[in-house]
Amino acid sequence: MRLQEALAWGDSLGVDPADLPGALTGELRRLEDLRGELVAAQRRLGDVPDAEVSRSLWRATSALGAAEARVHDAAVAVRRSA
């Protein structure tokens, strides 16, 4: 990860760039947990009469998965450059 990018990530997370690997790992864990909660809600509410509920949960789960992938990529990049 380039220095400017690391500085921007560190600034947005409120951590020193040296602490960025741990901070990104923690954020990744939180996103994984949240996605797990959304998947569970999707299972519980998937058959409710309002189909938009199911579609909305699917879209939220998908979007959170995409964000999780980006944070994962950032965590890998910062470890490689450390």
inquiry  = Applying salt bridge (charged side-chain N to carboxylate O under 4.0 Å, His left out) to Glu32 and Arg35, what does each step give before you reach the verdict?
reply    = CA-CA 5 Å; Glu32 290 169 347; Arg35 192 167 54 87; over 6 Å; no
request  = Flag yes if Leu45 and Leu64 sit in one hydrophobic cluster, no otherwise; membership is Ile, Leu, Val, Met, Phe, Trp, Tyr, and two members link when side-chain heavy atoms are under 4.5 Å apart.
outcome  = yes
query = Would a hydrophobic clustering, with Ile, Leu, Val, Met, Phe, Trp and Tyr connected at side-chain separations under 4.5 Å, put Leu31 with Trp58?
reply =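 Cluster IDs for Leu31 and Trp58 differ.
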task = Inspect the surroundings of CZ in Arg59 and state if more than 12 heavy atoms from other residues, nucleotides or ligands are less than 6.0 Å away.
result = yes
request  = Taking atom CG of Asp50 as the centre, report whether more than 12 heavy atoms of other residues, nucleotides or ligands fall under 6.0 Å from it.
outcome  = yes
Any side-chain heavy-atom pair of Asp19 and Leu13 under 4.5 Å =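 Side chain of Asp19 against side chain of Leu13, heavy atoms only: no contact under 4.5 Å found.
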ask   = Taking only residues two or more places apart in sequence, or in another chain, which ones meet Arg43 in a side chain to side chain donor-acceptor pair (under 3.5 Å)?
value = none
Check residues 71-82 and write down every donor-acceptor pair under 3.5 Å in which the side-chain atom is one partner and the other belongs to a residue at least two apart or another chain.
unit_1: Arg79; atom_1: NH2; unit_2: Thr25; atom_2: OG1; d: 2.2
unit_1: Ser81; atom_1: OG; unit_2: Met1; atom_2: N; d: 3.2
unit_1: Ser81; atom_1: OG; unit_2: Ala77; atom_2: O; d: 3.2
unit_1: Ser81; atom_1: OG; unit_2: Val78; atom_2: O; d: 3.2

request  = Please report the C-alpha distance between Glu27 and Arg30 in whole Å, then the side-chain angles of each, then the deciding distance to 0.1 Å, and finally whether the salt bridge (charged side-chain N to carboxylate O under 4.0 Å, His left out) criterion is met.
outcome  = CA-CA 5 Å; Glu27 290 301 322; Arg30 283 188 276 287; 2.7 Å; yes
request  = Indicate yes or no for a side-chain donor-acceptor contact from Thr61 to the backbone of Leu57 under 3.5 Å, with no hydrogens or angles considered.
outcome  =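 Here the side-chain-to-backbone pair exists.
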